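What follows is one structure encoded as structure tokens, with my remarks underneath.
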Amino acid sequence: MHKCILCALLIAAAYLLAACEKSPKQARRELVEKGYSYSRDDFAKALTAEDSSAVGLFLLAGMDVHAVSGGYVALEHAAFSRPMVTALLAAGADPNTSGGVATPLTEAAARGDVATVELLLQQGADPNLGDATDSTPLMAACKRGDIATVTALLAAGADPNRRSALGSTALALAQAAGRDDIAAALDNAGATQARGPDLTALTDPTQLNEVAPARYAVRFSTSAGDFRIEVQRTWAPNAADRFYNLVRRGFFDDQRFFRVVPGRLVQFGLHGLPEIAGRWYRATLPDEGALLLNERGTLAFASDGSPNSRTTQIFVNLSDNGDFDDVGFVPFARVTEGIKAIEQMHAGYGEVPEQARILREGNGYLQRSFPALDFVVEARLLKD
């Protein structure tokens, strides 16, 4: 493969050398005859059209090989086409120069083929250089589901445990795509489960619909202490599935227990980022029958009393609340350890925090106005 890459670069260099017999002025004239203006945008257009003759004329006419158009450098526009990438590299393009949005290698991993990725790696592309959101080429390859590119990137030293600014990891993306082969390759390379929230996944509730195991347990680490809960899917399947998907993606991390009524309930479940909380506020759950009573230590999703209005807000019963059974709250889990920590949560604000403002302003509102509220450090699934 390396010999093929070298041959491609030599061919591209020979093509450019032959083009140099023309003057820059003549090259610009020929560009106009071909329907191009001498501009960065048209240079990008020639690259995306894989118009090799026009690309050669642009370079001969003096176009900067690192020209930026629409936030992308030339190599990023060309990343889907190995011949175009080859021509730009032969002309001196730096494989690590970015237009500020992506990187050439990330674009190639997301849109190109493994040969283009290997070409860029051979020419010095950094396999761990992230884009504007710190997403890496490995993450792009996992999202695309390309095992060959994943293998090439790992062999080049790609870090399988990097996290993007939005909390994504290569392993989480592979699992979300249902690619067990890629997940296994990442596992062999030392990938571990992410410890923080996956904000990318949480922005799209429609994609988080995995069926929960028949039974699972979750540990909440909070500012008031830890507690553990058990979920059996038969108790309330819709609620169990929703809770499972939320925990898997770190939805509850850094949330405040914004409603505390001593001896009755503790409520949480509104995300601290309004852009995420708002999307989940509209992601309602179908109603279902109750097998459990609202007894001390059980958890149920809150609703506004109208049909199918449960979303993400959850309360823990601190006593036997029979009136909640009468209005149709459906328990889906129970606390098995640490209920004392829940009972000790700060109750000084009572029911004063406004849920509408939490939705609009997130944790900023709660931290400014109710700084003593206890909060979730993290909530994680426990292995059997």
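Because the structure is predicted, anything quoted here is derived from the model rather than measured.
- In this structure, Asn294 contributes its side chain and Asp320 its backbone to no donor-acceptor pair below 3.5 Å.
- Looking at Thr298, its side chain does come within 3.5 Å of a backbone N or O of Glu295 through a donor-acceptor pair.
- The CD atom of Gln344 sits 11.0 Å away from the OG atom of Ser223 when rounded to the nearest 0.5 Å.
- Remark: aromatic rings of Phe58 and Tyr36 are close, center separation under 6.0 Å.
- Linking Ile, Leu, Val, Met, Phe, Trp and Tyr whenever their side-chain heavy atoms come within less than 4.5 Å puts Ile314 and Leu381 in one cluster.
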Evaluate Ile147 against Arg179 for side-chain contact (heavy atoms from CB on, under 4.5 Å), listing each step before the verdict. CA-CA 9 Å; Ile147 182 64; Arg179 290 301 299 266; 4.1 Å; yes
Could you walk me through whether Lys34 and Leu57 satisfy the side-chain contact (heavy atoms from CB on, under 4.5 Å) test, starting with their C-alpha distance in whole Å, then the side-chain angles of each, then the deciding distance to 0.1 Å, before giving a yes or no? CA-CA 10 Å; Lys34 289 173 68 66; Leu57 290 170; 3.7 Å; yes
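- Side-chain contact check for Gln123 versus Glu118: every heavy-atom pair is 4.5 Å or farther apart.
- Taking the centre of each ring, Phe329 and Phe301 stay at or above the 6.0 Å mark.
- Side-chain contact between Asp374 and Thr222 is absent, with no heavy atoms from C-beta onward closer than 4.5 Å.
- Side chain of Asn321 to backbone of Arg264: a donor-acceptor contact under 3.5 angstrom is found.
- Remark: side-chain polar atoms of Arg357 are not paired, donor with acceptor, to backbone N or O of Pro353 under 3.5 angstrom.
- Between Leu318 and Val266 the shortest side-chain heavy-atom distance falls below 4.5 Å.
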Please report the C-alpha distance between Phe324 and Phe315 in whole Å, then the side-chain angles of each, then the deciding distance to 0.1 Å, and finally whether the ring pair (Phe, Tyr, Trp, His ring centres under 6.0 Å) criterion is met. CA-CA 11 Å; Phe324 289 170; Phe315 61 85; 5.2 Å; yes
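- The two residues Ser69 and His77 make their nearest non-hydrogen contact at O-NE2, 2.8 Å.
- Under the 4.5 Å side-chain criterion, counting only non-hydrogen atoms from C-beta, Val117 is in contact with Leu105.
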Check against side-chain contact (heavy atoms from CB on, under 4.5 Å), Val150 and Leu138: CA-CA 6 Å; Val150 168; Leu138 186 60; 3.9 Å; yes
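- Taking the side chain as every heavy atom from C-beta outward, Ile358 and Leu366 approach each other to under 4.5 Å.
- Contact check for Val260 versus His346: no side-chain heavy atoms found under the 4.5 Å cut-off.
- Formation of a donor-acceptor pair under 3.5 Å by the Glu337 side chain with backbone atoms of Phe227 is not found in this model.
- Within 6.0 Å of the OH atom in Tyr281, the count of heavy atoms belonging to other residues, nucleotides or ligands does not exceed 12.
- At a cut-off of 3.5 Å, with distance as the only test, no side-chain donor of Asp134 or Thr136 sits close to an acceptor on the other residue.
- Here Leu186 contributes atom CG and Leu154 contributes atom CG; the two are 6.0 Å apart, rounded to the nearest 0.5 Å.
- For the residue pair Gly124 and Asn96, the shortest heavy atom distance occurs at O-ND2, 2.9 Å.
- The minimum heavy-atom distance linking Pro104 with Leu120 is given by the pair O-CD1, 3.8 Å.
- Looking only at atom types and distance, the side chain of Asp41 has no donor-acceptor partner in the side chain of Ser39 under 3.5 Å away.
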Give the C-alpha distance, both sets of side-chain angles, the deciding distance and a yes or no for salt bridge (charged side-chain N to carboxylate O under 4.0 Å, His left out) between Arg310 and Glu288. CA-CA 10 Å; Arg310 295 178 300 171; Glu288 57 195 325; 2.9 Å; yes
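- Cluster membership for Leu246 and Leu199, using ILVMFWY side-chain heavy atoms within less than 4.5 angstrom, is shared.
- Residues Ala183 and Ala174 approach most closely at N-CB, 4.1 Å, considering heavy atoms.
- Note that Arg215 lies outside the cation-pi zone of Trp235, set by a 6.0 Å cut-off to the ring centre and a 45° limit from the axis.
- Between Arg111 and Asp146 no salt bridge is recorded (no basic side-chain N to carboxylate O distance below 4.0 Å).
- Between the side chain of Asp287 and the backbone N or O of Pro307 there is no donor-acceptor pair closer than 3.5 Å.
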Let's go through Ser168 and Thr200 carefully: what are the C-alpha distance in whole Å and the side-chain angles of both, what is the deciding distance for side-chain hydrogen bond (donor to acceptor under 3.5 Å, both in side chains) to 0.1 Å, and is it a yes or a no? CA-CA 6 Å; Ser168 293; Thr200 302; 3.1 Å; yes
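- Taking the six-membered ring for Trp and the full ring otherwise, the centers of Phe268 and Phe220 sit less than 6.0 Å from each other.
- A salt bridge links Glu343 to Arg296: at least one charged side-chain nitrogen sits closer than 4.0 Å to a carboxylate oxygen.
- Contact record, Thr116 with Ala108: CG2-CB, 4.0 Å, taken as the closest heavy-atom pair.
- To the nearest 0.5 Å, atom OG1 of residue Thr312 and atom NE2 of residue His271 are 9.5 Å apart.
- A salt bridge is defined here as a Lys NZ or Arg NE, NH1 or NH2 lying under 4.0 Å from an Asp or Glu carboxylate O, and Arg259 with Glu351 meets this definition.
- With values rounded to the nearest 0.5 angstrom, Glu275 atom CD is found 9.5 Å from Thr203 atom OG1.
- Among all heavy-atom pairs drawn from Phe332 and Ala239, the shortest one is CB-CB, 3.6 Å.
- Ring pair Phe257/Phe375: centre-to-centre distance not below 6.0 Å.
- Checked by atom type and distance alone, the side chain of Arg249 never pairs as donor or acceptor with a backbone atom of Ala201 at under 3.5 Å.
- Expressed to the nearest 0.5 Å, how far OG1 of Thr206 lies from CG of Leu208 amounts to 8.0 Å.
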Step by step, work out the side-chain contact (heavy atoms from CB on, under 4.5 Å) result for Arg233 and Asp241. CA-CA 8 Å; Arg233 191 170 182 273; Asp241 291 347; 2.7 Å; yes
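- Here Asp42 pairs with Lys45 in a salt bridge; the nearest charged N to carboxylate O distance falls below 4.0 Å.
- Under a hydrophobic-cluster definition in which Ile, Leu, Val, Met, Phe, Trp and Tyr are linked whenever side-chain heavy atoms come within less than 4.5 Å, directly or via other members, Phe258 and Val352 are assigned to the same cluster.
- Taking a cutoff of 4.0 Å between a charged side-chain nitrogen and a carboxylate oxygen, Arg219 and Glu378 do not qualify as a salt bridge.
- At a cut-off of 3.5 Å, with distance as the only test, a side-chain donor of Glu50 or Ser81 sits close to an acceptor on the other residue.
- The closest donor-acceptor contact from the side chain of Thr86 to the backbone of Arg82 lies under 3.5 Å.
- Using a 4.5 Å cut-off on side-chain heavy atoms (C-beta onward), Met84 and Val55 make contact.
- Trp280 and Leu273 fall within the same hydrophobic cluster, where Ile, Leu, Val, Met, Phe, Trp and Tyr residues are linked whenever their side-chain heavy atoms come under 4.5 Å apart, directly or through other members.
- Checked against a 6.0 Å centroid threshold, the rings of Tyr38 and Phe43 do not count as neighbours.
- Between Leu299 and Asn317, every side-chain heavy-atom pair lies at or beyond the 4.5 Å cut-off.
- Side-chain N or O atoms of Tyr349 include one that pairs as donor or acceptor with a backbone N or O of Ala372 at under 3.5 Å.
- At least one donor-acceptor pair closer than 3.5 Å links the side chain of Asn161 to the backbone N or O of Gly190.
- Separating the CG atom in Leu153 from the CE atom in Met139 is a distance of 11.5 Å, to the nearest 0.5 Å.
- Note on Val335: it clusters hydrophobically with Val247, by side-chain heavy-atom contacts below 4.5 Å among ILVMFWY residues.
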